[in-house]
Amino acid sequence: MARLALLALLTPQADRIKEAYFVRNRIAEENRQRENSAAVKIQSWFRGCRARAYLSYIHRKATIIQKTWRGFKAREHFRQRVKTAYFLMKMNFYNKMAVKIQQRWRGYYVRKYVHNYYARKRYLEALTQKNEQIRRELEELVEHQRQERERVAMEREEQEKYVRAQRLHFLLSTKQCPGVYNSPFRPEPDEMELRLRRVKPVRTMSAPKESRPINPQPSSYLHSKERLPPIHKTPQGPFRPAVEVQQQRYRPLEPSLRVATSITALEEAREELRRQEWRTRLIDHP
């Protein structure tokens, strides 16, 4: 009954319902494409958010894995470097201690069996004394040579002044005419004037007279032969004074360092030290 009542109620409204149905169906068809596009956009946005969230998650996990692995490798490398550094430090320490032990042992062995400290000390003291003695002798030799040079220079200067005074003896002043070195304007005569008074003038030797030799050859032969140029009557010079030549010829011996000291002095000193060491040592090794 209810259905029949409802059917009786809807029958007069069937046309209006159909018309409303077709209108709504047309509106739905018109909005179907826009709604589909909107649904696609919503789905793409959601799927993009989900994919980005998944990728971010994967990146975070990969970063954690890489961080853990790199930390593990770095700690392993650091432990290896620490072991290497510790090993090198121990080796350096052991080497240093071994060098010290070797130094002590070699020093003890050399002092006991190779070198004699006291003999070496005596040798150095003797060498020092020898050096001091040679140094004193050299200083005395240098002083003697200096004095000898000064003496020779003074003698040479005195000889030159003497020779000059002999050559300039004609400049000696007389009672009537004062000389060059005895000026009346000076309070006392010059040194050269006094020297001129003490020396004697140089004597000039006259040229020998020509002696005509006996020529057994005829005069025609003499006229036909060319005459030689005449020989100089004055001596050719200048020559060194005879006193200076005599002093140079008989000058005293000036020994050098090699002549003054023995060439075998060092070997003799070593041999003497070796004999003393042999007499005083306690351990008799060959």
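Just the heavy atoms: all of them, side chains too, but no hydrogens, waters or symmetry mates, feed the values below. The chain is numbered in sequence order, starting from 1.
For R24, there are no side chain to side chain contact (heavy atoms under 4.5 Å, CB included) partners at least two apart in sequence or on another chain. With sequence neighbours excluded, the residues that form a side-chain hydrogen bond (donor to acceptor under 3.5 Å, both in side chains) with R275 are E272. Listed by chain and number, the residues in a salt bridge (charged side-chain N to carboxylate O under 4.0 Å, His left out) with E29 are R32 (sequence neighbours excluded). Partners of E188 according to the salt bridge (charged side-chain N to carboxylate O under 4.0 Å, His left out) rule, which considers only residues two or more places apart in sequence or in another chain, do not exist here. In this view, R47 and Q43, R50 satisfy the side chain to side chain contact (heavy atoms under 4.5 Å, CB included) rule, not counting sequence neighbours. The salt bridge (charged side-chain N to carboxylate O under 4.0 Å, His left out) test applied to E150 returns R146, not counting sequence neighbours. Residues passing the ring pair (Phe, Tyr, Trp, His ring centres under 6.0 Å) test with W45: none are found, sequence neighbours excluded. With sequence neighbours left out, the side chain to side chain contact (heavy atoms under 4.5 Å, CB included) criterion links I27 to V23, N31.
Annotation for Y86: atom OH does not count as buried by contact number, only 12 or fewer foreign heavy atoms lying within 6.0 Å. No more than 12 heavy atoms of other residues, nucleotides or ligands shown are found within 6.0 angstrom of CZ on R34. The 12-atom threshold is exceeded at CE of M97, counting heavy atoms of other residues, nucleotides or ligands nearer than 6.0 Å. The local environment of CD in E148 is crowded, with over 12 non-hydrogen atoms from other residues, nucleotides or ligands closer than 6.0 Å.
Counting heavy atoms from C-beta on, the side chains of E139 and E143 never come closer than 4.5 Å. Looking only at side-chain heavy atoms (C-beta outward), Q247 and V243 come within less than 4.5 Å of each other. Proximity of E244 to Q248: side-chain heavy atoms (C-beta onward) are nowhere separated by under 4.5 Å.
Residue L266 belongs to a hydrophobic cluster whose other members are Y123, L124, L127, L273, with links defined by side-chain heavy atoms closer than 4.5 Å.
In the model, S56 has a side-chain atom that pairs as donor or acceptor with a side-chain atom of R60 under 3.5 Å.
In this structure, L138 CG and N131 CG are separated by 10.5 Å, a value rounded to the nearest 0.5 Å. Separating the CG atom in N182 from the CG atom in L171 is a distance of 12.0 Å, to the nearest 0.5 Å. For the atom pair CD (E277) and CZ (R120), the distance works out to 10.5 Å, reported to the nearest 0.5 Å.
Residue pairs meeting the side chain to side chain donor-acceptor pair (under 3.5 Å) criterion with at least one partner in residues 92-111, sequence neighbours excluded, do not occur; the list is empty. For residues 66-84, the set of pairs meeting the side chain to side chain donor-acceptor pair (under 3.5 Å) definition, not counting sequence neighbours, is empty.
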Would you be so kind as to tabulate the donor-acceptor pairs closer than 3.5 Å made by side chains of residues 157-164, with sequence neighbours excluded?
| from | atom 1 | to | atom 2 | distance (Å) |
| --- | --- | --- | --- | --- |
| E158 | OE2 | R195 | NH1 | 2.6 |
| Y162 | OH | Q166 | NE2 | 3.1 |

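In the hydrophobic clustering of this structure, V40 does not group with I42; members are Ile, Leu, Val, Met, Phe, Trp, Tyr whose side-chain heavy atoms approach within less than 4.5 Å, directly or through other members. At a threshold of 4.5 Å between side-chain heavy atoms, the hydrophobic network of Ile, Leu, Val, Met, Phe, Trp and Tyr places Y181 and L194 in two separate groups. By the criterion of side-chain heavy atoms lying less than 4.5 angstrom apart, applied directly or through intervening Ile, Leu, Val, Met, Phe, Trp or Tyr residues, Y113 is grouped together with V110 in one hydrophobic cluster.
Closest non-hydrogen pair, L168 versus L196, comes out as O-CD2, 3.4 Å. Nearest heavy-atom pair, Y250 versus Q246, reported as atom, atom and distance to 0.1 Å: CE1-NE2, 2.8 Å.
Between R136 and E140 there is no salt bridge, since no side-chain N of the basic residue sits under 4.0 Å from a carboxylate O of the acidic one.
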CA sep, side-chain torsions, deciding dist, call: E132, R135, salt bridge (Lys or Arg N to Asp or Glu O under 4.0 Å): CA-CA 5 Å; E132 293 294 335; R135 187 177 292 109; 3.1 Å; yes
